[in-house]
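See below for the structure under consideration.
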Amino acid sequence: MKKLNVKNRKGQKGFTLVELAVVMIIVGLLIGGILKGQELIANAQIASTVTQAKGIDAAVSTFRDSFRAFPGDMTAPTTRLSNCTGPCAGVAGAGDGRLNTVPTAAAAGDVLQFFGQLSAADLVTGVDGSATAEWGEALPSASVGGGYTAGYHGTGTLGINTSPTSGHYLSLRGDPGAMGTAGAALLNGSQAARIDRKMDDGNPATGSVFGSIAACSSAANTYDEASGQANCDVFIRIQG
């Protein structure tokens, strides 16, 4: 008769509760570190985007002081700016101190001249001097994504601001060809709100920084910060 061999399993142990607890703590710390890192990156992108917008505004002020002309509206750019080719040269401006393009329009014409002339004057970077209306080419990109166009607003509603101050505005958006629609814009409500609070009053419908469409706001005077959808482009007034 064959004997039944029973193996000794004393050396085969599982994890103790203490060991499992330690593993769970380590996993939790790793996840927390990743999430915290993502939050820090997101905050850095917002801060850098605000700095970029303020830098463009400062560059325009320097340009106006140096040349007594508004960038994109200079009457003789090729004789006043070195290396002024492509969009920088463009069609000579009217010399009336404003762009002809509205802030909601596709980037073309004097919008490309605006950034091209600032670049030719060595006042902005991130523009390659080409006539291609894309971020990082004729138009500067933004740290948070997308990039900047510009335009002049006279009277009436702009975005969801029913009584904005007339003047020049940067458009921070995802598409240089058009302002974004709900779910297809650049920023979610939280990103837009943080930019607004850093630069203005935090209200999506008033002030010098405000939203582009109704989906930016979940209620009167409040950005929809609970939504993760890209529902908002923003306007930023410059030369105020």
Side-chain angles (χ1 to χ4, degrees), residues 35-61 102-105 107 111 114-115 118 124-127 135-136 139-153 157-165 167-240:
L35 294 176
K36 188 63 177 178
Q38 291 175 333
E39 182 183 350
L40 290 173
I41 291 171
N43 288 337
Q45 290 174 332
I46 294 296
S48 179
T49 297
V50 169
T51 299
Q52 288 174 326
K54 290 180 177 179
I56 294 171
D57 191 13
V60 174
S61 294
V102 296
T104 54
V111 176
F114 173 82
F115 290 108
L118 287 174
V124 298
T125 59
V127 178
W135 312 131
L139 301 165
S141 57
S143 294
V144 75
Y148 301 94
T149 69
Y152 180 84
H153 175 76
T157 297
L158 177 61
I160 56 176
N161 189 337
T162 58
S163 56
T165 303
H168 287 94
Y169 288 84
L170 296 176
S171 300
L172 174 58
R173 55 172 127 171
D175 185 349
M179 298 297 287
T181 56
L186 172 64
L187 307 170
N188 61 42
S190 176
Q191 292 171 314
R194 282 183 284 168
I195 290 172
D196 196 329
R197 284 193 289 264
K198 284 181 178 292
M199 301 187 73
D200 191 34
D201 59 2
N203 188 321
T206 64
S208 60
V209 179
F210 48 89
S212 58
I213 55 176
C216 291
S217 177
S218 59
N221 306 325
T222 305
Y223 282 98
D224 186 5
E225 297 190 60
S227 172
Q229 278 196 310
N231 281 341
C232 202
D233 293 328
V234 296
F235 297 104
I236 302 169
R237 188 165 186 262
I238 58 174
Q239 301 301 287

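Because the structure is a prediction, the values reported are computed rather than measured.
For the pair Pro103 and Tyr169, the tightest heavy-atom approach, listed with the atom from each and the gap, is CG-CB, 4.0 Å. Here the shortest heavy-atom pairing between Leu170 and Ala150 reads CD2-CB, 4.2 Å. Scanning all heavy atoms of the two residues, the minimum distance from Cys232 to Ala185 falls at N-CB, 3.3 Å. When all heavy atoms of Tyr148 and Leu172 are compared, the closest pair comes out as CE2-CD1, 3.9 Å. Scanning all heavy atoms of the two residues, the minimum distance from Gly174 to Trp135 falls at O-NE1, 3.0 Å. Of all heavy-atom pairs between Met199 and Ala53, the closest is CE-CB, 4.0 Å.
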With side chain to side chain contact (heavy atoms under 4.5 Å, CB included) as the criterion, how do Ile56 and Ile236 come out once you've worked through the C-alpha distance, each side chain's angles and the decisive distance to 0.1 Å? CA-CA 11 Å; Ile56 294 171; Ile236 302 169; over 6 Å; no
Evaluate side chain to side chain contact (heavy atoms under 4.5 Å, CB included) for Leu139 paired with Val111, printing each intermediate quantity in order. CA-CA 9 Å; Leu139 301 165; Val111 176; 4.2 Å; yes
I'd like to know whether Asn43 forms a side chain to side chain contact (heavy atoms under 4.5 Å, CB included) with Arg194, so could you lay out the CA-CA distance, the side-chain angles of the two residues, the decisive distance to 0.1 Å, and finally the verdict. CA-CA 9 Å; Asn43 288 337; Arg194 282 183 284 168; 2.6 Å; yes
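Summarising the geometry, atom OG belonging to Ser218 is positioned 11.5 Å from atom OH belonging to Tyr223; distances are rounded to the nearest 0.5 Å. Here the straight-line distance linking atom CG of Leu186 with atom OG of Ser171 works out to 11.5 Å at 0.5 Å rounding. To the nearest 0.5 Å, the span separating CG on Asp196 from CD1 on Ile46 amounts to 11.5 Å.
Side-chain contact between Pro140 and Val124: absent, with no pair of heavy atoms (C-beta onward) separated by less than 4.5 Å. No side-chain heavy atom of His153 sits under 4.5 Å from any side-chain heavy atom of Arg237. Side-chain atoms of Gln52 and Ser143, non-hydrogen and from C-beta on, do get closer than 4.5 Å to each other.
Screening residues 200-212 for salt bridge (charged side-chain N to carboxylate O under 4.0 Å, His left out), with sequence neighbours left out, gives no hits. Applying the side chain to side chain donor-acceptor pair (under 3.5 Å) test to every pair with at least one member in residues 173-184, sequence neighbours left out, gives these pairs: Thr149-Arg173.
Every residue two or more places apart in sequence or in another chain that forms a ring-ring contact (aromatic ring centres under 6.0 Å, His included) with Phe235 is listed here: Phe210.
Asp224 places no side-chain N or O within 3.5 Å of a backbone atom of Cys216 that could act as its donor or acceptor partner. Side-chain atoms of Asp233 come within 3.5 Å of backbone N or O of Gly180 as a donor-acceptor pair. Remark: the backbone N or O of Val144 is paired with a side-chain donor or acceptor of Thr49 at under 3.5 angstrom. With hydrogens and angles disregarded, a donor-acceptor distance shorter than 3.5 Å links the side chain of Asp57 to the backbone of Gln239.
In the model, Gln229 has no side-chain atom that pairs as donor or acceptor with a side-chain atom of Asn188 under 3.5 Å.
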